[in-house]
Amino acid sequence: MALPVLSSSAVKFRRVLAHFPQELSLAFAYGSGVFRQAGASAEHGETNMLDFVFAVDDVVTWHMTNLSKNRSHYSFLKFFGPKKISTIQGYGAGIYYNTLVPCNGRMIKYGVISTDALIEDLFHWKTLYVAGRLQKPVKILAQNENSRLQAALVSNLKSAVIASFLMLPESFSEEDLYLQIAGLSYSGDFRMIIGEDRFKVQNIVKPNIAHFQKLYSTILQGCPQVVYKHQLGRLEIDKSPEGQFTQLMALPKTLQQKITALVNPPGKNRDVEEILLQVAHDPDCGYLVHQGISAIVRSSSVVQSAKTILTAGAKKSVIYSLKKLYKMAKGELKKPS
């Protein structure tokens, strides 16, 4: 099962792809330049920066080719060559962004991640950075026949559903589920305090319910732990300790480790299964899951943001940060009284 490709025209995005080396295992566009967000006009979407992620098998070779084609996209790091760029890419979330790049009359930002690092994040939520973006609707532009990558994409969606179930009550709406899923990768992200619109999650979900349904309806219909009343837009899940234990055991490895670290006293060696059984009986189970996710996101978002000063350069970093603060201020002004 491949990640669904959403239906609107992708010509303008594929025209952007033509400017880059074509050895891509996965390429997708995401964000407000691709999907309309609440409070934004259609014209605003046409002027927003376009965001892309490219997954590549051989990072050094891809950067070497891209440096020869698009040297101006890089900061001063271009003088250090593709190997050093690839080394810096490995820090934080394992993705290297070039931002505020003019292309076909639009500003774009693109991140490069190794296929192996992406697969690890999708399966295990090591950083929940690119995996988090792929839990929300994206426009798939290129995808090769890597069966492990395809399995990882589906696994990531299933993990998002299970983690959200643990943080939701016994009965909830489909919109509640998608709000929970969309918020996973923002939990613990310091940019949600300074630098992002605090209503970002609602703005993403509310105009795009149909796109979320395309991503998740098959998974929900096939999940034995949920009663999915599709026509009513309602769901019911098993909140018994046995049901929660089954869900906890199905969580990505890194999240399990973060949860066990929260409840396991230092120096006491217990296996993960024993600790998660304890968590399943804890009334604060959902809170512990949320804290575990926040711990993953907090670490990767801090390092990734610090890395931006190197990858974007000082001038672009300031411009990009000011744009984020402007969007945050606009969101605050629209806040209902």
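No hydrogens, no waters, no symmetry mates; every other heavy atom, side chains included, goes into these values. Index from 1, following the sequence.
- Among residues two or more places apart in sequence or in another chain, the side chain to side chain contact (heavy atoms under 4.5 Å, CB included) test is passed with Thr87 by Tyr91.
- Taking each heavy atom of His124 and Thr254 in turn, the nearest pair found is O-OG1, 2.9 Å.
- Checking side-chain atoms of Lys307 against main-chain N and O of Gln89 turns up a donor-acceptor pair under 3.5 Å.
- Considering only residues two or more places apart in sequence or on other chains, Arg148 meets the salt bridge (charged side-chain N to carboxylate O under 4.0 Å, His left out) condition with none of them.
- With sequence neighbours excluded, no residue forms a salt bridge (charged side-chain N to carboxylate O under 4.0 Å, His left out) with Lys83.
- Take Glu273 and apply the side chain to side chain contact (heavy atoms under 4.5 Å, CB included) test, not counting sequence neighbours, and it matches Phe245, Met249, Asp271.
- Residues satisfying the salt bridge (charged side-chain N to carboxylate O under 4.0 Å, His left out) criterion with Glu145, sequence neighbours excluded, are absent altogether.
- Listed for the Gln304 side chain is a donor-acceptor partner under 3.5 Å among the backbone atoms of Ala93.
- Between Pro102 and Met107 the shortest side-chain heavy-atom distance falls below 4.5 Å.
- In this structure a side-chain-to-backbone donor-acceptor pair under 3.5 Å is present from Tyr216 to Gln135.
- With sequence neighbours excluded, the residues that form a side chain to side chain donor-acceptor pair (under 3.5 Å) with Asp121 are Thr127.
- Asn264 and Arg270 are linked by a side-chain donor-acceptor pair at a separation below 3.5 angstrom, with hydrogens and angles left out of the test.
- For an aromatic pair to be called close, the ring centres must be under 6.0 Å apart, and Phe54 with Phe20 satisfies this.
- Asn144 meets the side chain to side chain donor-acceptor pair (under 3.5 Å) test with no other residue; sequence neighbours excluded.
- Two rings, from Tyr97 and Tyr110, have their centers 6.0 Å or more apart.
- By the side chain to side chain contact (heavy atoms under 4.5 Å, CB included) test, Gln231 is found to be paired with no residue, residues two or more places apart in sequence or in another chain being considered.
- There is a side-chain donor-acceptor pair under 3.5 Å between Ser25 and Thr115.
- Hydrophobic cluster membership is shared by Ile85 and Phe79, with clusters built from Ile, Leu, Val, Met, Phe, Trp and Tyr side chains linked at under 4.5 angstrom.
- Under the 3.5 Å distance criterion, the side-chain polar atoms of Ser217 are left unmatched by any main-chain donor or acceptor of Lys214.
- Judged as a ring pair (Phe, Tyr, Trp, His ring centres under 6.0 Å), not a single pair has a partner in residues 277-303 (not counting sequence neighbours).
- For residues 158-174, the set of pairs meeting the side chain to side chain donor-acceptor pair (under 3.5 Å) definition, not counting sequence neighbours, comprises Ser171-Arg234, Ser173-Asp176, Glu174-Tyr178, Glu174-Gln213, Glu174-Tyr228.
- Shown here for Leu17 and Ala142, the closest heavy-atom pair between the two residues is CD1-CB, 4.4 Å.
- Not counting sequence neighbours, the partners of Ser240 by the side chain to side chain contact (heavy atoms under 4.5 Å, CB included) test are Asp238, Glu242.
- A donor-acceptor contact shorter than 3.5 Å links the side chain of Trp62 to the backbone of Pro21.
- Relative to the ring axis of Tyr74, Arg71 does not place its NZ or CZ within 45° and under 6.0 Å from the centre.
- The local environment of NZ in Lys136 is crowded, with over 12 non-hydrogen atoms from other residues, nucleotides or ligands closer than 6.0 Å.
- Qualifying salt bridge (charged side-chain N to carboxylate O under 4.0 Å, His left out) partners for Lys229, counting only residues two or more places apart in sequence or in other chains: Glu236.
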